[in-house]
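This report concerns only the one structure given below.
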Amino acid sequence: MTDYKNKKKFDTVVGMFKELDLDPSDWINKEQKEFYFNQKKRERTLQNVRYYPKELDKIILTCTNSHTFTPNWLEKRFPSMPFRTRDGHLLQPITAQVKCPICDEHTDINLPVNSNYIGDAHLYGDEAMRDINEKIIMSYSVVSQPRKMDIHLKFKSEFLALKKELVPQLPPDRWVLHYTELMNGGQRKKIKHLSHITKPETLLFSKKLGKLISEYPDQLVKWNCTGIYHKPIKYRKEQERELKSRVYYPLLGRIITEHTDSGMSPHFHFERTGADGWAKNLFNGGRLTLMWPFISRVLPIPNPTFNIPTDSIYFEIADFISFVIARYLYVIGKRAEGKYLDFECLPSWLGEIRYLGYTEVGTCMFETESDYPLEKFFKGTDWFPVK
Ligand SMILES: [Zn+2]
């Protein structure tokens, strides 16, 4: 453990407690403290995260008996997480012990500690799914709320002004924009405050909203991860959850590391849907792995918050982005089958996005682009045939 303000080092947590005269009730990052002090919670928590960033496999350790090995990144173990105290101290573990799989000897591994903790960032996520014959398009988008309050308020007022233009009869912060409802003619007609809107008006609104989002490239940062999967013969909630986790884990892992590399602690917000088990798994089980200090740079990561959609406009923005990208890929898929459909909304309207996708063999790819990287992600498949 190291105390980043006074640059002191301690061999054990107990030794640190004694020397600094610390009281456990002074810890403020509660979820991490619980894992340290509550053995029952640790035992009861399941670790079923199945994904870790593949670049970690480049780390090779040698034990005292000269065996070389890569650590088991996802094995459940005692956590390596930082403590924050009320008086602003951040205490971070700097090494962890790993058992050699051949002789069981313990070897120290240095943790990639970032001791320059700057502050918190708020991130909002939303999903979109499309069925396309035997395939499932699973798309998830995350947007960051601008960190500067004046920019957040400016964006918010411009967004609410667009909503007001679309639905003048209601205060724009009193209804939630769900993009499928707006874009589907049948659904739109059934919703009282949307029923007056024509199709050309929805397209004009989409274009304006895309433009607004693209005008804040550095403050309103956007990520998307989309996976295309063969639909399992038995496709129920359980299989759906499994496919979702394949999209969410790489995306959230990536976002956590992008933030913690620059000293930011990401605070995720998800819509409260009752089907949020995957997020709880990542933030509970994931903490009890050696992967966690590596993706989080040993900075404190709070548990996600589960909100109602009216809590933040950024849920509506994430919903829009997921809709646009899922719809785009749906049309690409339909055209590949010979059915011509209109795109309606285009990913290029949204400006720069950090896109994650998969190769045919399942390797995760990452590209920051101002249009969907169709060629990079799908070259050689039906969706982007090589001519
Ligand atoms: Zn060994």
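Quick note: numbers below take in every heavy atom, side chains included, and nothing from hydrogens, waters or symmetry partners. Every number for a ligand or one of its atoms is a count from 1 in the order of the listing.
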Give the table of side-chain donor-acceptor pairs shorter than 3.5 Å for residues 341-357, with sequence neighbours excluded, one pair per line with atom names and distance.
| residue | atom | partner | partner atom | Å |
| --- | --- | --- | --- | --- |
| Glu344 | OE2 | Lys199 | NZ | 2.5 |
| Arg354 | NH1 | Glu258 | OE1 | 2.4 |

Notebook entry, point to check: Between Lys40 and Glu43, is the closest basic N to carboxylate O distance under 4.0 Å?
Noted result: no
Check: Is it the case that Lys376 places NZ or CZ above or below the six-membered ring of Tyr372, under 6.0 angstrom from the centre and within 45 degrees of the axis?
Finding: no
Checklist line | Mutual orientation of the aromatic rings belonging to Phe83 and Phe37 [parallel < 30°, tilted 30-60°, perpendicular > 60°] | finding: parallel
Next item on the list: Sequence neighbours left out, what passes ring pair (Phe, Tyr, Trp, His ring centres under 6.0 Å) with Phe294? Give chain and number order.
Entry: Trp73
For residues 172-185, which side-chain N or O atoms pair as donor and acceptor with protein atoms under 3.5 Å away, sequence neighbours left out?
| residue | atom | partner | partner atom | Å |
| --- | --- | --- | --- | --- |
| Tyr179 | OH | Ser206 | OG | 2.8 |
| Asn184 | OD1 | Gly186 | N | 3.0 |
| Asn184 | OD1 | Gln187 | N | 2.9 |

Check: So which protein N/O/S atoms does the Zn ion (ligand 1) have within less than 2.8 Å?
Finding: Cys63 SG, His67 ND1, Cys100 SG, Cys103 SG
